[in-house]
Protein chains: 2
Amino acid sequence: MRHDTDISVAIIEDDATIREGYAYLIGNTSGYKIAGTYANCEDALKKIAHDDPDVLLLDVELPGMSGIEALPKLKKAVPETHILILTVYEEEMLIFRALGNGAEGYLTKNTPPDKIITAIHEVMDGGGPMSANIARMVISSFKRNDSSPLTRRETEILEQIATGKSRKRIADELFIDLETVKSHIKNIYHKLDVHSKADAIKAARENKFI
Amino acid sequence: MRHDTDISVAIIEDDATIREGYAYLIGNTSGYKIAGTYANCEDALKKIAHDDPDVLLLDVELPGMSGIEALPKLKKAVPETHILILTVYEEEMLIFRALGNGAEGYLTKNTPPDKIITAIHEVMDGGGPMSANIARMVISSFKRNDSSPLTRRETEILEQIATGKSRKRIADELFIDLETVKSHIKNIYHKLDVHSKADAIKAARENKFI
DNA sequence: TAGAAAATACCTCAATAAAGGGGATAATTT
DNA sequence: AAATTATCCCCTTTATTGAGGTATTTTCTA
């Protein structure tokens, strides 16, 4: 039985078998209906405003425009639609680019059917469904390196430098002398074996010291 | 029945009722056992190395040392233990500080018992269990503002500035003239209504333009 | 409680970067 | 065709940076 309150779902996926599989799964789940299915982003961008789905399942590797490239355009076409990435790719770069471009969830393709349905519901409900390993990667991206060579004060000062503040301003805000800040920076550079602000920030970020 | 392969769980929670409730739940679930329960972090830090749990459920609001302060010390005491935050607090600041300090999951206290058990298993398995709203906050933290006033090039240059690079270096790396970079910066400052690097970075970060 | 580590402050120096102002003209996009 | 974006050029003045030192006080921690 179909209701007006059914959650409408659209799919962008180039593999016809997979696409129809998902459509079959969702179309036959009570409370859900299919608003449209598209084999590529170009096609989707033409039709999606009319179909206006509640949730869009988006593949990232597609012929033509990639799912990630299409994200901002899709967001513009259907701002209310919740976009859920559904892909085999698990590279950090892709995940963070997808989330940065407006994806509200990220599932890998080994996700069992019932979890996909749950995720659709969750994203509608203000959640951020992620596969377990994706969630761990996302959490890891926050984690500081607990064996940093920098002292607490040095870390604090390098963080301030990374916000673009001048040494003078940092000194003022930390209520210490400019010369003290300069000493700390000197020590930071020695420890990180760098000779410039940019290199220090780069080294510290790569190693999660800041 | 208890096995050597049971997942051992410890709990730091000041409310005795809640603490014993969790202990009862976990102790009576097949495949799980309680390694220890503590009412505060000071107490936990004394005993946890001996109890050596696989997973630690950690409250953030505690008398004495807070859970977040204790995180690095706990990590040091039991580096192999997976730490799962279990709290009523949902402030962004707390969440990001907890994850930055080594928490591998974040659950709110309305999480039903079966989900807590699942989360314990998940964190052991390399996942990053989070309550739905926490996951959304975490995902949102990655999302760029799609109505930035900055052009693509301006955004790119401001990102480079935020890495601490000099204008000259940015010009070299983008294969454009120093004067071009200066023009872009001029326009960025105008658009963001700021008069310095630090303020531009701050404004852009706050508004998720970069 | 002694020694180590961290944080603090001071000095000099040359080189570079930043910020603000004024322009102009290609190259894209819409 | 108009608007936006990207590019390049000139000027000035002040502020910042990075590198070389030394030295004191405070705070851990073994």
Side-chain angles (χ1 to χ4, degrees), chain A residues 45-46 65 69 72-73 76-77 146-204 209-210, chain B residues 42 45-46 49 65 69 72-73 76-77 146-204 209-210:
Chain A
L45 283 166
K46 278 182 212 144
M65 196 188 308
E69 286 174 74
K73 298 174 203 286
K76 207 169 167 186
D146 49 2
S147 58
S148 168
L150 303 181
T151 68
R152 187 171 301 184
R153 197 57 150 177
E154 286 164 354
T155 303
E156 188 178 13
I157 285 172
L158 191 48
E159 277 169 353
Q160 295 295 308
I161 289 175
T163 69
K165 286 176 188 160
S166 73
R167 297 160 176 209
K168 175 84 189 71
R169 187 166 164 189
I170 295 170
D172 289 347
E173 293 181 5
L174 296 183
F175 304 107
I176 56 179
D177 197 275
L178 170 60
E179 291 300 328
T180 306
V181 175
K182 286 171 73 176
S183 287
H184 284 303
I185 291 173
K186 226 181 305 185
N187 294 331
I188 292 168
Y189 286 12
H190 282 145
K191 286 184 182 176
L192 301 185
D193 191 28
V194 297
H195 306 277
S196 74
K197 199 173 23 170
D199 291 340
I201 292 171
K202 183 163 176 260
F209 297 152
I210 59 168
Chain B
E42 290 80 0
L45 284 166
K46 280 181 208 144
M65 195 188 308
E69 285 174 74
K73 298 175 202 286
K76 208 171 166 188
D146 47 2
S147 57
S148 169
L150 304 181
T151 68
R152 186 171 302 186
R153 197 56 149 178
E154 286 164 353
T155 303
E156 187 177 14
I157 285 172
L158 190 48
E159 277 170 352
Q160 295 294 308
I161 288 174
T163 69
K165 287 176 188 160
S166 72
R167 298 161 175 211
K168 176 85 190 69
R169 187 165 163 189
I170 295 169
D172 289 347
E173 291 181 6
L174 296 183
F175 304 106
I176 56 180
D177 197 274
L178 171 59
E179 290 301 327
T180 306
V181 175
K182 286 173 69 178
S183 286
H184 283 303
I185 291 173
K186 219 184 310 184
N187 295 331
I188 292 167
Y189 284 13
H190 282 146
K191 285 184 182 178
L192 301 185
D193 190 28
V194 296
H195 306 279
S196 73
K197 198 173 26 169
D199 291 340
I201 293 171
K202 183 164 176 261
F209 297 153
I210 59 168

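Order of the sequence lines sets the chain letters (A, B, ...), proteins ahead of strands, with each chain counted from 1.
Side-chain contact between A/R153 and A/L174 is present, with at least one heavy-atom pair separated by less than 4.5 Å. Side-chain contact between B/K202 and B/V194 is absent, with no heavy atoms from C-beta onward closer than 4.5 Å.
Taking atom CG of residue A/N187 and atom P of nucleotide C/dA5, one finds them 13 Å apart after rounding to whole Å. For the pair A/I157 CD1 and C/dT8 C1', the computed distance is 10 Å after rounding to whole Å. Distance, A/I170 CD1 to C/dA7 P: 15 Å, rounded to whole Å. Note: CZ (B/F175) to P (D/dA6) measures 18 Å, nearest angstrom. In this structure, the CD atom of B/E154 is 11 Å from the P atom of D/dT7, given to the nearest Å. Between the CD1 atom of B/I188 and the P atom of C/dG20 there is a distance of 13 Å, given to the nearest Å. For the pair B/H184 NE2 and D/dT4 P, the computed distance is 16 Å after rounding to whole Å. Rounded to a whole Å, the NZ atom of A/K191 is 8 Å from the C1' atom of C/dA6.
Here the closest heavy-atom approach between residue B/Y189 and residue B/R167 is recorded as OH-NH2, 4.0 Å.
Judged purely by atom type and a 3.5 angstrom limit, B/E42 uses its side chain to pair as donor or acceptor with the backbone of B/M65.
Distances shown here put a side-chain N or O of A/R153 below 4.0 Å from the OP1 or OP2 atom of C/dT8. When the side-chain nitrogen and oxygen atoms of A/T180 are compared with OP1 and OP2 of C/dC10, none of them lie within a distance under 4.0 Å.
Taking a 6.0 Å sphere around NZ of A/K191, one finds it holds more than 12 heavy atoms contributed by other residues, nucleotides or ligands.
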Heavy-atom contacts, protein to nucleotides 17-30 of chain D, under 4.0 Å, summarised as B (base), S (sugar-phosphate only) or - (none) per nt, yield SBBBB---------
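Ion pairing between B/D199 and A/R169 holds under the 4.0 Å rule for side-chain N and carboxylate O.
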